[in-house]
Amino acid sequence: MTARRITSGLAGAPDHVDVVVIGLGITGVGVALDAATRGLSVLAVDPHDLAFGTSRWSSKLVHGGLRYLAQGQLGIAHESAVERGILMEVTAPHLTHAMPMLLPLTPGVTGVQAGFARAGMRAGDVLRRAARTDRETLPRPRRVSATEALQLAPGLRRDGLRGGLLSWDGQLEDDARLVTTVARTAADAGADVRTRARVLSATETEVRLRDELTDATSTVTATGVVNATGVWAGDLVDEVTLRPSRGTHLVLRGSTLPGLEVAVFAPVPGEANRYVFVLPQPDRTIYVGLTDEPVDGAVPDVPQPTEPEIGFLLDVVSATFAKDLRRSDVAGAYAGLRPLLDTGGGATADLSRRHAVLTSRSGVVTIVGGKLTTYRRMAEDALDGVLARTPIDAGPCRTRSLPLSGAASRAQLSRLELPARLVRRYGADAELVLASAREITRLGDDELLRPVADHVPATLAELIFGVTHEGAADVDDLLDRRTRIGLIPADRDLARPVAERAFALVAERV
Ligand SMILES: Cc1cc2nc3c(=O)[nH]c(=O)nc-3n(C[C@H](O)[C@H](O)[C@H](O)COP(=O)(O)OP(=O)(O)OC[C@H]3O[C@@H](n4cnc5c(N)ncnc54)[C@H](O)[C@@H]3O)c2cc1C
């Protein structure tokens with residue numbers, strides 16, 4: 001078994017490191033990985049858990065940056081497409097796959113709108129080529145007939161359907177799984193990753209911390225400090241102001257829109273270029289999103305969707321699909337806050353989504369904005385920002401060609417003779433997940449690989465691995481972040497006893 005380096009609390013933490021990373025969302029774990037693989041000593045902390053913040057509330061897409069192209073932001077569009085290609089082809093083929101996306105040409109979509117959409121999809125393909133992403137990875141967009149559109153999305157309204165435009169983008173297996181995998185890769189590279197550890201204050205060379213398990217406070221000295229706390233970034237440094245915007249998604253059971261094989265862009269009635277995404281997930285649920293609502297006031301730990309947002313999403317999807325969706329079809333709902341930098345004025349939808357590296361007067365380097373897709377580049381830029389200020393002797397950035405834990409080529413992954421779900425979520429480490437669960441529990445594969453409950457495909461083997469290798473400290477960590485069972489509250493209740501059992505089984509052996 002590998003060393004367990006993702007731990008909770010601060011017992012035994014170092015009192016000096018090269019770099020302290022504050023926050024264990026995708027940005028923070030990305031910085032921890034970048035720093036550790038440049039040969040630096042790293043302490044990376046979060047008061048809650050891996051992926052506790054915005055990083056688990058996304059649409060789980062690996063975007064090619066088309067929307068930026070539409071806004072004339074060529075640089076960021078290209079950067080997104082490049083990073084998408086790196087994730088899908090080099091660093092995380094196991095956690096990503098191509099997602100077909102259909103814009104149905106319904107009576108609500110005018111010829112002009114369809115023309116714009118088609119031009120956009122062609123431009124997206126040019127972006128893919130410019131980023132040198134293979135056509136095998138992301139096929140070319142094309143027009144499909146009404147018959148084919150209905151094969152791909154049988155629930156669409158048939159009246160007046162003229163066909164559809166089919167394009168491709170990347171989809172993540174799960175956002176929190178990406179964060180966990182990057183964290184594990186960073187820990188394997190030597191980073192000390194600690195959950196339940198809050199930064200109370202920070203300067204360039206000193207961080208005051210509180211162990212959230214014991215309430216004990218301590219000080220760690222460092223050569224550089226990176227603030228990767230997303231929407232909370234302004235709490236630690238004065239110079240950063242954010243204007244968070246809430247994005248809400250619904251979670252539907254797969255049976256609500258049976259046979260859906262592609263993501264569907266459902267046009268928002270009355271708006272020329274706005275769509276709601278209907279996104280089938282690998283676990284057979286469907287997400288519907290998303291909204292964009294400015295948020296004022298204190299930033300909550302866990303943002304909540306509002307009823308008007310839920311109603312809006314149901315109405316838009318019902319206008320495109322034959323079935324009238326009702327509130328009772330909503331099995332779960334979640335909301336996340338985009339960490340948008342306040343650049344003064346403007347609606348949140350128009351604020352820059354590019355990341356920024358900002359150095360405060362105290363010397364803390366803040367990395368904020370961006371998205372899951374571009375986390376690697378954000379981390380590289382943040383570390384370069386630290387190294388430009390300090391005399392630390394570090395190697396060059398290595399993450400562009402560094403596979404994450406479990407990564408293998410798609411061909412290699414397809415040859416693994418292991419349960420498909422484990423391969424999707426752990427790649428070549430699926431073997432390790434099963435072997436360590438066998439070793440810890442002495443249970444048979446029937447029990448370790450049985451779905452936790454009806455409609456809940458997660459297994460005891462995964463939950464045990466969450467405890468032994470991924471730093472899960474309690475049942476919430478397992479249900480809400482190592483797996484995403486908690487996105488549907490009814491499933492969460494069913495799975496709780498199995499998660500408790502996973503902890504008990506590990507405790508018996510330790
Ligand atoms: C609705 C929505 C949909 C999105 N969809 C996509 C998508 O499909 N694809 C994509 O690429 N991007 C998407 N994004 C963007 C992406 O999710 C975010 O840009 C990204 O997750 C931000 O990650 P982060 O690590 O910067 O912040 P977070 O994930 O919020 O992490 C910050 C962490 O800092 C911790 N923290 C706070 N205070 C302290 C402290 N004092 N001490 C220590 N730690 C602290 C928090 O607990 C938290 O875990 C979406 C965003 C939203 C809101």
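Fair warning: this is a prediction, and the values are worked out from it, not measured in the lab. Every number for a ligand or one of its atoms is a count from 1 in the order of the listing. The figures here come from the full heavy-atom set of this structure, side chains too, leaving out hydrogens, waters and symmetry mates.
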E309 and T306 side chains, donor-acceptor separation under 3.5 Å: yes

Nearest-contact summary for atom 45 (C) of ligand 1 - protein heavy atom, Å: P47 CD, 3.3 Å

Contact check: G370 vs ligand 1, nitrogen or oxygen atoms, below 3.5 angstrom: yes

Side-chain ion pair, R482 and D476, N-O less than 4.0 Å: no

Closest protein heavy atom (residue, atom, distance) for atom 13 (C) of ligand 1: S58 CB, 3.9 Å

Distance filter under 4.0 Å to G247 heavy atoms, resulting ligand 1 atoms: 1 (C)

For A228, the ligand 1 atoms whose distance to one of its heavy atoms is below 4.0 Å: 32 (C), 34 (O)

Cation-pi, Y375 ring and R377 (6.0 angstrom, 45 degrees): no

Those atoms of ligand 1 less than 4.0 Å from some heavy atom in H63: 7 (C), 8 (O), 9 (N), 10 (C)

Under 4.0 Å to a heavy atom of G336 - the qualifying atoms of ligand 1, by number: 53 (C)

Numbered atoms of ligand 1 (with element) below 4.0 Å of L290, judged on heavy atoms: 1 (C), 2 (C), 3 (C)

Heteroatom proximity flag, T54 to ligand 1, N/O under 3.5 Å: yes

Nearest neighbour in protein (non-hydrogen) for atom 39 (C) of ligand 1: T229 CG2, 3.6 Å

F277 ring center near Y287 ring center (under 6.0 Å): no

Atom 46 (C) of ligand 1: the protein heavy-atom neighbour that sits closest, reported with distance to 0.1 Å: D46 OD2, 3.4 Å

Test item: side-chain donor near acceptor, T185 and S405, under 3.5 Å: yes

Nitrogen or oxygen atoms of R198 and ligand 1 under 3.5 Å apart: no

Lys/Arg N to Asp/Glu carboxylate O, R177 vs D175, below 4.0 Å: no

Pick from L61, L24, V62: the one approaching atom 8 (O) of ligand 1 most closely through a non-hydrogen atom: L61

Ligand-residue contact atoms, ligand 1 with G53, heavy atoms, under 4.0 Å: 29 (O), 30 (O), 48 (C), 49 (O)

Polar proximity ligand 1 side, W57 side, N/O cut 3.5 Å exclusive: no

Closest protein heavy atom (residue, atom, distance) for atom 11 (O) of ligand 1: T373 OG1, 2.7 Å

Carboxylate-amine/guanidinium proximity below 4.0 Å for R376 and E83: yes

Ligand-residue contact atoms, ligand 1 with H48, heavy atoms, under 4.0 Å: 47 (O)

Sidechain N-carboxylate O distance under 4.0 Å for D174, R484: yes

The one among T248, V21, V199, L209 that brings a heavy atom closest to atom 41 (N) of ligand 1: V199

Salt bridge flag under 4.0 Å for residues R243 and D296: no

By side chain to side chain contact (heavy atoms under 4.5 Å, CB included) - contacts of S201 (at least two apart): R208

Side-chain ion pair, D169 and R128, N-O less than 4.0 Å: no

Per-atom contacts of ligand 1 with L337, taking only distances under 4.0 Å to non-hydrogen atoms: 53 (C)

Nearest non-hydrogen protein atom, atom 52 (C) of ligand 1: R338 CG, 3.8 Å

Which residue and heavy atom of the protein sit nearest atom 27 (O) of ligand 1, plus the separation: G230 CA, 3.7 Å

Aromatic ring pairing Y334/H249, orientation class (parallel under 30°, perpendicular over 60°, tilted between): parallel

Residue E271 excluded, over 12 heavy atoms near CD under 6.0 Å: yes

Option passing side-chain hydrogen bond (donor to acceptor under 3.5 Å, both in side chains) with T137 (candidates R84, R410, E89): E89

Neighbour count above 12 (heavy atom, 6.0 Å) for D15 CG: no

Atom 5 (N) of ligand 1 [closest protein heavy-atom partner, distance rounded to 0.1 Å]: S59 N, 3.0 Å

Option with minimal heavy-atom separation from atom 29 (O) of ligand 1, where the choices are G289, S55, A335: S55

Distance-only N or O hit between ligand 1 and L372, under 3.5 Å: yes

Close approach, V231 and ligand 1, non-hydrogen under 4.0 angstrom: no

